[in-house]
Amino acid sequence: MLEKNYTPKDFEEEIYKDWEESGDFQPDMRSSKDAFSIVIPPPNVTGVLHMGHALDNTLQDILIRYNRMQGKKVLWQPGMDHAGIATQMVVERNLAKEGISRHDLGREKFIETVWQWKEKSGGTICKQLRRLGASCDWSRARFTMDEGLSRAVRKIFVHLYKDGLIYKAKKLVNWDSKFMTAVSDLEVVQKETVGKMYYYKYPIEGSANEFVHIATTRPETMFGDTAVAISKDNEKLKQLIGKNCIIPIINKVIPIIADEHADPEKGTGAVKITPAHDFNDFEVGKRHNLPLVNILNPDATLNENTPFAGLSTMEARSKTIEKLTELGYMEKIEDHPMVIPYGDRSGVIIEPLMTDQWFVDAPVLAKEAIRVVEEGKMEFVPKSYEKTYFEWMRNIQPWCISRQLWWGHQMPIWYGPDETIFCEETEAEAQAAAEKHYGKAVELRRETDVLDTWFSSGLWAFSTLGWPDKTEYLETFYPTSVLVTGFDIIFFWVARMMMMSMYMMKEVPFKKAYIHGLVRDEHGQKMSKSKGNTVDPMETIEKYGADALRFFMAAMETQGRDINMSESRIAGYRNFATKLWNAARFGEMNECKTVEGFDETQVNLAVNQWIIAKAKEATKEVTQNLDNFRFSDAANSVYQFVWGSFCDWYIEMIKPLLYGENEADKTETRATFAWVLDRILVILHPFMPFITTQLWNNTAERSVKLIKAPWPKKEQIDESVMHKVDWAIDLISDIRSLRAEMNLPAGAKLTVYLKDMNNQSKQNMKEFRTIICSLSRLEKLEEFSGEITPDMVQSVFKEGAILLPLKGVVDFAAEKERLRKELEGLNKRLEGYAKKLNNPSFVDKAPATVVDEEKRRQSEALESKAKVEAALQRIVNL
RNA sequence: GGGCGCUUAGCUCAGCUGGAAGAGCAUCUCGUUUACACCGAGAGGGUCGGGAGUUCGAACCUCUCAGCGCCCACCA
């Protein structure tokens, strides 16, 4: 028995538990069909489910369930990312509450603490994903720091190193002074701010009143200046080139050099060069062999190379200005719009800093990653993201992979006493290599840096399947079928997976990358905690059910567009679930039970034939749309069918039958109802797995679980039967409309006379009389013979009935006219094609594909013409 | 500066290859008919941002103007 009310909370969790415990999420390796696999974008171990995850994972789950029902070997590989910086931050913050710093604990103890934290509090998100209905094979869940994945990381690192694709270099890198680590270019966000431009002057050496005028936004960096540059095309200033100037305060002499970097149009035309603290200046410095003067400590305070050692940059800045003003070198200060780099995690200003770091030679790895996309071996959906990908990949810079953190994969690098580098997968191998190198055993020192988190995520597509071992899963599921993720991590992750996979596996990590947008708030604003406009998916699930949230995500997902949150819409999809629930209850009340061996091609009643055809049509649409990743179209197809066709029309139309006397009709209708409801549960299951399963389990004894129920194969759809019932539906709609327009009282009896009837419509009227009268609340439905009979007059006056305008309710004349016009248009169109295709200049000039395209359209128009002609013929016959 | 995208009903948005404008919500009217008021029936509402062009035919293609958004790079 189905409960009277649809209360998803009561069964969603239980159903999930059953799936998981029965192993329903594990791939059926015995299946003879293709494999289908997705690797989950691993959420951070610190992560909590937000709407972005809800979207991403709903889409994946829809694809997974859909393919599972097709009988394929289906794997959704779950797991989590150790999220270096994020996790270290969380744990450090917790420790700080107790007044402990990580340095108090020491590296080993700290890492132990992180692991403890992970076991205890990490992975909340996996529970939440279960609540959403994500049918991942949790028994295979991986963690980027688990033993197997760590081995994969070491192996590929050593491989890359020995191929010369990983190297150590002293370079200017983005330095995060909060976490005291280097970060990659991608982890730096540029923010617009209104800053100040400071104008001051450096005296020229050996001259009392000659100066070079400088403009800068960062006066405190002057202590690191090692030159001033002027363009040799700068007519006004070029006479200064070759002279020396003096940095005030520290009275250091530096040369004035000629360099194109100094744009005469910008600033004062003369640029102070600080090679150790600016990426452009670094390049200038390289060109002129300038010394590098580092003025910063790792915590971004100034060092002993400046007079303000220990001060922060801001403090040093005001001190510098103060001093310059005092000495008479300061000229003016102006407001200046500028862009300042911040760390995406730390939120502090990122400083370019000279340090020893490790790099991956990304430009080399990018080549293959670009090629396979060019060749279509990996396709972006929507395709437009290809361009973004190419653009970035073709301009890729070496990837800084070393982090001066503690939480992460420590690099498999050991140094000998003379700093010789040994890169091996294990310490023992490194020892052996060192012994060979030195001819004796020596003490090795391990590199303390850890790897960028994205290094290990870059291996995710194959490391989770067991690589470097040759496992059955790797064999079966690699390359994975599709990757589903947001556009914001194309560079962070998609690109890196492409590079790593192409390098190591020589094969794409996934055949398609489905890229979706962002989930925004109701008004299209980005959701953020600081704005307070976030919506917690768990609360939404609590309130409306996971099915409603999932359906919302699917229905809103149109390619290449962001999704705006809309509670009213989620409520609408909860209502949809309620509607289905009640429809099922209707079936239960009327003993509509699934009939084993029911042959839906053998039903007799037109309404039953009609709903079966409609169900097949909906199935076809869902199938096609899911195959093309058109989630919203797929969702809308089911929605329209369930609410629009099944509930609004079919259930109403069969009521007279079910409450009637004809037992054969009843039997057939009950069986049909059950068949259609089952079909709905099947095609709706990927979107709303919980309610469909609950109904599946409670409306009949089943030999198959819904999660593994076979997805219908291609079916023959009987279109001719649709017209008859559509005729009745049109008639009913028109009568209802007239009734409302005429403002008839609710109980008013109504008699309708139809005129211009032909054989077909006479037959239709006979067949659907009961249904039509019942649904449009008619007293009588009669044919108008052309004369007003005493009967008709009687019905008006005696029964209080209303005599409708005797013109026939459906305006076939207008319909005929419409079709005639359409046919006219089609004929013109065909003429147009004929003209075009017979025109030699068009055929000669246009590429063959264009000509083919025109020909294809022509034949399409021909087809349409045939259809319209047939429709017109039907009307004429009616 | 380079790239991408958007502008369609009051709101949020669909509209796949050009062939007579759609959904959800909101609004208005009617309705306690035995699945459902988380409901049913009906209605109103759009010169598809402006302009020009291609076409027999344009929301869709081309050009142009205006507004909005995102990404990348740079900014002494």
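Per chain, numbering begins at 1; letters A, B, ... match sequence-line order. Because the structure is a prediction, the values reported are computed rather than measured.
One atom, NE2 of His523(A), and another, C1' of C11(B), lie 9 Å apart when rounded to the nearest Å. A straight line from CZ of Arg561(A) to P of G69(B) spans 14 Å, rounded to a whole angstrom. Atoms CD1 (Ile654(A)) and C1' (A35(B)) sit 11 Å apart, rounded to a whole Å. To the nearest angstrom, C1' of A35(B) lies 10 Å from CZ of Phe646(A).
Considering Phe690(A), Tyr544(A), Phe576(A) in turn, Phe576(A) is the only one that fulfils the ring pair (Phe, Tyr, Trp, His ring centres under 6.0 Å) rule with Phe551(A).
For Lys579(A) against C36(B), a side-chain N or O and a base N or O form a donor-acceptor pair under 3.5 Å.
Within 4.0 Å (heavy atoms only), Gln559(A) reaches no atom of the nucleic acid at all. Residue contacts for His261(A): at a heavy-atom cut-off of 4.0 Å it reaches a base atom on one of the strands shown. As judged by a 4.0 angstrom heavy-atom cut-off over every strand, Arg585(A) is placed among residues touching the sugar-phosphate backbone only. As judged by a 4.0 angstrom heavy-atom cut-off over every strand, Thr216(A) is placed among residues touching the sugar-phosphate backbone only. Counting non-hydrogen atoms under 4.0 angstrom, Met338(A) reaches nothing in the nucleic acid. If you check every strand for non-hydrogen atoms under 4.0 Å, Ala262(A) touches a base. Across all strands shown, Asp263(A) has heavy atoms under 4.0 Å from base atoms, whether or not it also approaches the sugar-phosphate.
More than 12 heavy atoms of other residues, nucleotides or ligands sit less than 6.0 Å from atom CD of Glu260(A).
Lys191(A) forms a cation-pi arrangement with Tyr342(A), by the criterion of a distance under 6.0 Å to the ring centre and an angle within 45° of the ring axis.
Look at Trp643(A) and you won't find any side-chain N or O under 4.0 angstrom from OP1 or OP2 of C38(B).
Looking only at atom types and distance, the side chain of Thr274(A) has a donor-acceptor partner in the side chain of Lys272(A) under 3.5 Å away.
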